[in-house]
Q: 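One structure, as structure tokens, below. Some questions next.
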Amino acid sequence: MKYLHLVWAGLFRKKLRTLLTLLSVVVAFLLFGMLQSVNEAFRAGADQARADRLVTNSRYSIIEMLPIGYLPRIESVPGVRTVAFASWFGGSYQDRPAQFAVFPVDPARYLAAVPEIVLPSDQAETWQRTRDGAIVGKSLAERYGWQIGDRVTVVADIWPKSDGSNDWNFEIVGVYTSPDSQQSEGALLFQHEYFDEARQFARGTVGWFLVQVEDPDRADEVAKAVDALFANSTNETKTQTEKAFAQGFARQFGDIGLIVTSILGAVFFTILVLTGNTMAQAVRERIPELAILKTLGFSDRAVLGLVLAEALLLIVLGGLLGLALAAAAISAVQAVLAGIGVQGVSLSVVLMGMAIMVVLGLCVGLPPAIRAMRLRVVDALGGHQ
Amino acid sequence: MSTLIEIRGLTKVYQRGKQKVEALHSVNLDIERGDFVALMGPSGSGKTTLLNLIGGLDSPTSGSIKIDGQALEKMGSGALAKWRAAHVGFVFQFYNLLPVLTAQRNVELPLLLTRLSAARRRQNAAVALQLVGLADRANHKPRELSGGQEQRVAIARAIVSDPSLLVCDEPTGDLDRETADEILGLLQTLNREHGKTIVMVTHDPKAAEYARRIVRLDKGTLVESEAA
């Protein structure tokens with residue numbers, strides 16, 4: 001710590017140059033923080049997927065519906081414990097596409113097949129007997145200030161009602177929690193029965209089945225058996241692990257991971273070149289000063305450490321500022337990003353960012369630091385280096 | 001007085017491209033503790049090379065250089081750096097202060113290599129600045145000081161860790177006569193009243209008059225040693 005003022009003074013020797021470089025690092029890590037948070041949100045579905053659950057949907061497209069009559073046949077497959085189902089509703093809330101998931105489900109079946117969501121039993125009972133009842137995740141309820149007893153209207157964009165109206169009005173009868181994943185608390189679930197009776201078309205169909213198996217090791221076998229049931233029918237199925245389903249779902253938007261990695265790779269490469277050049281130039285200009293430090297008794301290692309510390313300080317300072325700005329930016333557009341599950345800059349993104357900062361700092365700082373370390377005092381003082 | 005610096009058969013050869021340049025040739029010299037020696041000679045005579053070797057900034061090609069019983073030629077660069085920090089203060093023609101630090105921080109630099117607390121470092125630096133008459137300029141950066149004041153700060157930096165030896169390379173080469181006399185007077189005080197051994201390279205015969213002894217070099221060889 002006693003060298004901090006020396007490192008700081010060296011870093012800000014040319015204030016404008018350092019500030020501009022710092023700004024570029026801030027922007028790089030701002031991008032990193034935001035893009036990596038989005039990437040993480042897309043991956044989260046797959047990461048949180050359970051090994052004992054399969055998803056059966058149409059073989060040809062996720063938007064093709066399946067007959068609800070498939071349910072007892074899937075249930076009859078050996079190794080299947082329970083079956084639930086859900087459909088994609090979409091819709092708009094407050095004149096904007098809903099920034100949360102809306103699924104019509106069978107309450108009892110869904111709660112049994114998805115034990116990671118926790119709903120008090122009295123609320124589950126109320127939901128079961130309330131035709132237009134809906135339950136919402138705790139974080140979603142907090143975001144919109146919803147409370148039990150409130151009525152919420154979601155405007156359908158693909159599911160008009162049989163009376164021609166697009167307004168689906170629900171009474172919130174429960175607030176569920178998901179202790180392992182705040183992201184899973186971002187959905188509104190309502191009665192499939194109400195949905196099926198009130199919708200204008202496609203009655204008797206569902207979007208996908210959630211199949212809980214007895215033994216996760218036999219999941220593949222069960223999946224094949226389910227698909228075999230409906231082979232060569234008009235509605236062939238594709239059964240896969242929940243993880244594969246989540247990955248496929250995320251891929252509808254493109255390979256987010258690849259896109260994010262490509263953008264960040266280009267950004268960090270630019271930063272590497274830019275900051276590397278700045279540091280090299282800064283050390284070149286200060287050769288006599290570094291020689292003086294050596295003259296006074298600073299060892300080769302101490303001089304290497306000082307230059308390296310400058311590079312690390314520049315990158316870490318800019319990086320942390322960038323991540324803080326990313327957190328602030330995500331918070332500012334929370335309503336938009338929450339729809340894809342982005343809750344903020346997570347600890348894992350911060351840790352990954354810090355690891356990148358250290359690697360970048362070392363890459364940028366080591367070449368000039370080694371040059372400074374190898375400096376011969378007599379040559380440097382005599383202007384020969 | 002006892003011998004502080006003992007130089008025997010000191011030779012320094014530089015490799016400049018394919019050419020070998022002998023900067024010093026078999027120099028023998030003793031400097032007593034508390035002495036003030038002016039090294040004089042024409043350009044290229046080897047004065048600065050000898051000074052750098054005495055200051056532990058360079059290693060000889062052959063020969064030996066013992067300072068207070070320690071053979072510098074046997075030390076590696078790390079050991080030499082530690083030795084310099086503990087035993088030598090440096091004063092240069094162009095002051096060589098760090099422009100981004102205040103006078104106080106510049107003077108504190110050698111103390112960063114000690115175990116002294118921050119408060120003690122500050123205190124010692126303040127005393128050194130007071131000794132050179134610049135207590136009121138402690139918070140000024142080098143660009144806010146005159147040449148003479150910068151050199152005083154450099155002298156404060158050289159003495160702050162209380163070294164026994166001061167190595168000065170043309171300390172007044174960039175100063176006017178009046179300021180040069182002030183600086184030389186200060187060095188003389190450090191020598192006479194504080195017992196610092198001083199080895200000073202100079203071209204200036206008037207500056208050499210402040211020393212107790214003048215050592216002349218020519219073409220890398222010691223040609224004369226006389227009382228000033």
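To find a chain, count down the sequence lines: A is the first, B the second, and so on, and within it residues start at 1.
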Q: Atom NE2 of residue position B:His25 - does it have more than 12 heavy atoms of other residues, nucleotides or ligands inside 6.0 Å?
A: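 Incorrect, the count does not exceed 12.
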
Q: Go through A:Ala291, A:Pro288, A:Gly10, A:Ala9 and name the one with the most non-hydrogen pairs under 4.5 angstrom from chain B.
A: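 Among the listed options, the one with the most contacts to chain B is A:Ala9.
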
Q: Counting only heavy atoms closer than 4.5 Å, note whether B:Phe92 contacts chain A via side chain, backbone, both or neither.
A: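 It is the side chain, since no backbone atom gets that close.
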
Q: For B:Thr114, is it the side chain, the backbone, both, or neither that has a heavy atom closer than 4.5 Å to a heavy atom of chain A?
A: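 Just its backbone gets close to chain A.
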
Q: CZ of A:Arg374 to OG of B:Ser77: how many Å apart, nearest 0.5 Å?
A: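 Here the rounded value is 12.5 Å.
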
Q: Crowded around B:Met75 CE? As in, over 12 foreign heavy atoms under 6.0 Å?
A: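 Check passes, neighbour count above 12.
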
Q: To the nearest 0.5 Å, what is the distance between OH (B:Tyr14) and CG (A:Asp379)?
A: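 Rounded to the nearest 0.5 Å, the OH-CG separation comes to 8.0 Å.
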
Q: Report which part of A:Leu296 has an atom under 4.5 Å of a heavy atom belonging to chain B: side chain, backbone, both, or neither.
A: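 Both backbone and side chain of A:Leu296 come within 4.5 Å of chain B.
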
Q: Rounded to the nearest 0.5 Å, what separates atom CG in B:Leu109 from atom OH in A:Tyr3?
A: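 Between atom CG of B:Leu109 and atom OH of A:Tyr3 there are 10.0 Å.
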
Q: To the closest 0.5 Å, what do you measure between CZ (B:Arg105) and CG (A:Leu6)?
A: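 Spacing of CZ (B:Arg105) from CG (A:Leu6) equals 9.0 Å.
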
Q: Do other residues, nucleotides or ligands put more than 12 heavy atoms under 6.0 Å from B:Gln130 CD?
A: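 Open: at most 12 neighbouring heavy atoms sit under 6.0 Å from CD of B:Gln130.
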
Q: Using modelled atom types only, decide if a donor and an acceptor are shared between the side chain of B:Arg84 and the backbone of A:Lys294 within a distance under 3.5 Å.
A: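 Yes.
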
Q: For A:Arg17, look at atom CZ and say whether over 12 heavy atoms of other residues, nucleotides or ligands are found less than 6.0 Å away.
A: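 Yes, the 6.0 Å shell around CZ holds more than 12 heavy atoms from other groups.
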
Q: Name the region of B:Asp58, side chain, backbone, both or neither, that has any atom closer than 4.5 Å to a heavy atom of chain A.
A: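 Both parts, heavy atoms under 4.5 Å.
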
Q: Would you call B:Val100 and A:Phe12 a side-chain contact if the rule is heavy atoms closer than 4.5 Å?
A: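 No, every pair of side-chain atoms sits at 4.5 Å or beyond.
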
Q: Rounded to the nearest 0.5 Å, how far apart are CG of B:Asn96 and OG1 of A:Thr295?
A: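 Answer rounded to 0.5 Å: 7.5 Å.
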
Q: Are B:Leu98 and A:Leu293 close enough that some pair of their side-chain heavy atoms sits under 4.5 Å apart?
A: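 The answer is yes, as the side chains (C-beta and beyond) meet within the 4.5 Å cut-off.
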
Q: Please round to the nearest 0.5 Å and tell me the distance separating atom NZ of A:Lys2 and atom CG of B:Leu116.
A: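 With rounding to 0.5 Å, NZ (A:Lys2) is 8.0 Å from CG (B:Leu116).
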
Q: Which bit of B:Leu112 is near chain A, if near means a heavy-atom gap under 4.5 Å: side chain, backbone, both or neither?
A: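 Both backbone and side chain of B:Leu112 come within 4.5 Å of chain A.
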
Q: Can you tell me which of A:Arg301, A:Arg286, A:His5, A:Arg13 forms the most heavy-atom pairs within a distance under 4.5 Å of chain B?
A: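 Greatest number of close heavy-atom pairs with chain B: A:His5.
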
Q: As an exercise: rank A:Ala302, A:Gly297, A:Ser299 by heavy-atom pairs under 4.5 Å with chain B and give me the winner.
A: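 Max contact count across the listed options: A:Gly297.
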
Q: Does CD in B:Gln15 sit with more than 12 non-hydrogen atoms of other residues, nucleotides or ligands closer than 6.0 Å?
A: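 Above 12, so yes.
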
